[in-house]
Each structure stands twice: as structure tokens, then as C-alpha cells.
Amino acid sequence: MSVPAGGSTPADNPPPAVVSMSEAAWPEGTRASDGAVPVLSRVGHDRGHLSRSLPDPTGGRPVRVLTVDSKRTVPVAEGSAGPRLIWDEQPELPLGAVYLGEADGIPYAAVRGERALTVSGRPVDTWAGQREVGADLGDLDAGLLVQAIGILEWHERNRFSPLSGAATTIERHGWVQRDPTTGTEVFPRTDPAVIMLVHDGGDRVVLGRQAVWPPGRFSILAGFVEPGESAEAAVAREVAEEVGLRVEDIRYVGSQPWPFPQSLMLGFVARADGDDTLRLDPDEIEEARWFTRAELLAGEGPRALPPPVSIARHILDRWLAGEF
């Protein structure tokens, strides 16, 4: 697929006929990202790595516990300063809870549980997930939320030893599973993925969309790192596979945890080299186009860009600001 140097036109992005669930999670008119790092990369607590080996990592102190339901949503209270998580105040670490660490002398933990109308006597305004509230939470809540969901998803999907198939036992307050037949320790796993902004060295950028996304929604390209492959090699391979471009000057930008269910997004920018004609892999990309910086800044490009909770928006906004 080839697009003129001027980019696309508004007619290329017709309005959607129906509002879907995925469209609600990726609304039009989302604000730009802000901050020095992607929003889900913020940290406001000490993970307490050494404390995990203690009989009681909380040291006997009361603990704040976050309930995460099967849909990865958590209890949220809305306030004038924005949303905040509602923590269940417990006198001690509950059985089966995963220890998250501490901040300002207060231990934190997470459990899988069911939705409720109140938590510790406080009304719950809504149950929401990272996509909905991650960008609006404070640093402490944002860092604890992404950690809680990531570690609980690992437990949900890895209940048996990959060596023997035996049901594992949980140790170190949720941070190790042990194969009871071989004694082997099994640690949490993270899948590396690359997400890359491809530009032409000037004022054009490639944005694409998958068929499952709402109509008119575009983002930068992404894909998983394969075994035995560097992140930079994955960038070059994925771009070639998805849109048929050869890239060079591949530069690392930053990373962001993305526990859907267990990815770490490694962000890059890369410059297209040679022929700029887009040749799409129809199994990966439904549409892809060159967009100009001017039309994106003027709001004349895609119907919607990625929301600020995504590292995709963080990288794109930095490119729009002329950083790359």
C-alpha cells in the first residue's frame, strides 16, 4: 500500500457506525501523555525484595490490601483530585495475599477476590482497570496497581510446574512457586515486546491499526521478541513483516510494564531506509499509513490516537514535540 507524501486526508478516517466495548476503552479525544516516563512505569514504593524471605514481611504491622477481580479491575474512589485505589485495611497479611512492598512505613499486598460495594466500610464508586484509570492515578497507586495485576496474573496462569506438571507450592509470599517433586523454584516470567515509532527522518510517521480495534484508531507498530533475538533485531523484523519497510538508526526510548497478561513493552524509534512504500501483512495489520506531524498536531489525522496510559502515546507525543 502506498500513500502520497502529504499523508492521509480526513476522508480516509470515516466515523464508526457503532460504539463497541473496545472503543469505550480507547475513546476519542484522549489527552496527551505527560511526565518524564510512561505512566505505568512510575514507582512510588519499595518492593521489599529482601523482606519476601522473612516469615512476616510486614513485621507485624497492619497492611493495606488491594482486591483484584477476575477481570483485572480494582475498587476505585473518585475525588476532586482524581481517582484513587481503595485499600482494604487488614491487621495482618492475609493468607494467600501477595506482598507488594511498602511506602512510608505502610506494607501493601494484593489478593484475587470478588467485587463488593464497599471496602473497609468505604463505598466503591467503580471497579476499573489499568486502561481506564492508570494514567490518572498518583505515582504510588499506579506502581502498586501494575505490580499487583502482573503478579496475580502470573499465579493464575502458572499453577503447575513446567517440568513435572505437578501443582506448585507458593513461597516467599507470592514471589516463588516450587515444584514439589523436583524442588525446582519457578519465578515470575515477563514476555518482552517491542513497540516502535517508524519515521522518515523528516515530518512523517507510520501509524497502523489491527482489525480488532475500533474504526479510525491508529497507533505505532509493535510485536513480540522471539527466542534468541535482540530487541533491536525484533524491531527491524517486525517492521519488515508488518509494513514491508527496512529501518535503520534504531534507538531505545524507554519501557513500560503491560500486564495483559505479562508483557514488558520496550519502546524504540527507527528511521525508514529506502523505499517508503507500505506493503502490509493482512494477518497483522488491517491498515497503515504515513501521517505528517502537521496533520497529527492539528487533529486532522486518525480519528483517535492511543490513550495516555500507553507507552505508544508517550513515544508519539515525544516525536510530535521534536525530540526524535
Side-chain angles (χ1 to χ4, degrees), residues 21-22 25-26 33 35 37-49 52 64-76 83-87 96-101 103 108-113 115 126-159 162 168 170 172-177 186-195 210 212-213 219-220 222-225 231 234 254-267 306-315:
M21 288 292 288
S22 55
W26 195 352
S33 62
V37 299
V39 294
L40 294 186
S41 298
R42 293 173 292 160
V43 179
H45 69 290
D46 179 351
R47 287 179 168 239
H49 174 73
R52 298 170 188 170
R64 292 179 179 174
V65 182
L66 183 67
T67 300
V68 182
D69 75 359
S70 60
K71 296 182 178 180
R72 305 176 187 146
T73 68
V74 295
V76 174
R84 57 182 176 80
L85 304 182
I86 303 178
W87 296 86
V98 178
Y99 175 67
L100 300 179
Y108 290 85
V111 295
R112 185 72 83 188
R115 295 188 180 191
T126 185
W127 283 76
Q130 289 172 117
R131 286 188 173 94
E132 293 78 25
V133 297
D136 299 316
L137 294 171
D139 290 358
L140 178 60
D141 274 358
L144 287 165
L145 175 60
V146 74
Q147 181 188 8
I149 292 178
I151 190 64
L152 292 176
E153 286 293 314
W154 175 65
H155 280 290
E156 285 287 316
R157 295 165 184 270
N158 297 270
R159 299 178 178 179
T168 55
I170 309 301
R172 299 187 198 176
H173 303 284
W175 290 93
V176 171
Q177 297 186 36
V186 181
F187 294 92
R189 295 292 187 266
T190 297
D191 297 327
V194 290
I195 184 163
Q210 300 178 18
V212 296
W213 293 354
S219 184
I220 62 179
F224 282 100
V225 180
S255 65
Q256 175 176 274
W258 195 247
F260 295 104
Q262 56 189 41
S263 297
L264 175 66
M265 306 299 292
L266 307 172
V309 74
S310 168
I311 189 175
R313 184 59 176 269
H314 175 82
I315 297 173

Query raised in the report: Ignoring hydrogens and geometry, is there a side-chain-to-backbone donor-acceptor pair from Thr168 to Arg159 under 3.5 Å?
Result: yes

Report summary line: To the nearest 0.5 Å, atom OG of Ser70 lies from atom CG of Leu152 at 12.0 Å

Query raised in the report: Is a side-chain donor or acceptor of Asp141 paired with a backbone partner of Leu85 at a separation under 3.5 angstrom?
Result: yes

Query raised in the report: Partners of Asp46 by salt bridge (Lys or Arg N to Asp or Glu O under 4.0 Å), sequence neighbours excluded?
Result: none

Query - Inter-residue atom distance Ile151.CD1 - Gln262.CD, 0.5 Å rounding - result: 10.0 Å

Query raised in the report: Do Pro192 and Leu264 touch side chain to side chain, with heavy atoms closer than 4.5 Å?
Result: no

Query raised in the report: Would you say the side chain of Pro261 lies within less than 4.5 Å of the side chain of Arg72, judging by non-hydrogen atoms?
Result: yes

**Report entry** Pair Val186-Asn158, side chain to side chain contact (heavy atoms under 4.5 Å, CB included): steps then yes or no
**Finding:** CA-CA 9 Å; Val186 181; Asn158 297 270; 6.0 Å; no

Query raised in the report: So, the side chain of Thr126 versus the backbone of Ala128: is there a donor-acceptor pair under 3.5 Å, distance only?
Result: no

**Report entry** Heavy-atom closest pair, residues Pro38 and Ile311
**Finding:** CG-CG1, 3.7 Å

Query raised in the report: If every non-hydrogen atom of Phe224 is compared with every non-hydrogen atom of Ala193, which pair is closest and at what distance?
Result: CD2-CB, 3.9 Å

Query raised in the report: Judged by atom type as modelled, is there a donor-acceptor pair below 3.5 Å linking the side chain of Gln256 to the main-chain atoms of Val309?
Result: yes

Query raised in the report: Quick one: are Phe187 and Val176 in side-chain contact, heavy atoms under 4.5 Å?
Result: yes

Requested in this report: List the atom of Val194, the atom of Ala231, and the distance in Å for their closest heavy-atom pair.
Outcome: CG1-O, 3.6 Å

Query raised in the report: Quick one: are Pro259 and Gln130 in side-chain contact, heavy atoms under 4.5 Å?
Result: yes

Report task. Could you list the residues that satisfy salt bridge (Lys or Arg N to Asp or Glu O under 4.0 Å) with Arg47, not counting sequence neighbours? Result -> none

Report summary line: Between Ile195 and Met265, the two heavy atoms sitting closest are CB-CE, 3.8 Å

Query - Nearest heavy-atom neighbours spanning Val76 and Pro83 - result: CG1-CB, 3.7 Å

Query - Partner set under salt bridge (Lys or Arg N to Asp or Glu O under 4.0 Å) for Arg157, not counting sequence neighbours - result: Glu153

Query raised in the report: Does Phe260 have any ring-ring contact (aromatic ring centres under 6.0 Å, His included) partners at least two apart in sequence or in another chain, and if so, which?
Result: Trp258

Query raised in the report: If you count the non-hydrogen atoms of other residues, nucleotides and ligands that lie under 6.0 Å from CZ in Arg52, is the total more than 12?
Result: yes

Query raised in the report: Run the salt bridge (Lys or Arg N to Asp or Glu O under 4.0 Å) check on Arg115 and Asp69 step by step: do they pass?
Result: CA-CA 6 Å; Arg115 295 188 180 191; Asp69 75 359; 2.7 Å; yes

Quick one: side chains of residues 142-149, donor-acceptor pairs under 3.5 Å with protein atoms, not counting sequence neighbours, listed by atom name and distance.
from   : atom 1 : to     : atom 2 : distance (Å)
Gln147 : OE1    : His45  : NE2    : 2.7
Gln147 : NE2    : Leu100 : O      : 3.1

Query raised in the report: Less than 4.5 Å apart, any side-chain heavy atom of His49 and any of Trp175?
Result: no

Query raised in the report: Do you know which two heavy atoms are closest between Ala109 and Trp87, and how far apart they sit?
Result: O-CZ3, 3.6 Å

Query raised in the report: If we only count heavy atoms from C-beta on, is the Gln177 to Ile170 side-chain gap below 4.5 Å?
Result: yes

Requested in this report: Using the test salt bridge (Lys or Arg N to Asp or Glu O under 4.0 Å), find all partners of Asp139 that sit at least two apart in sequence or belong to another chain.
Outcome: Arg42

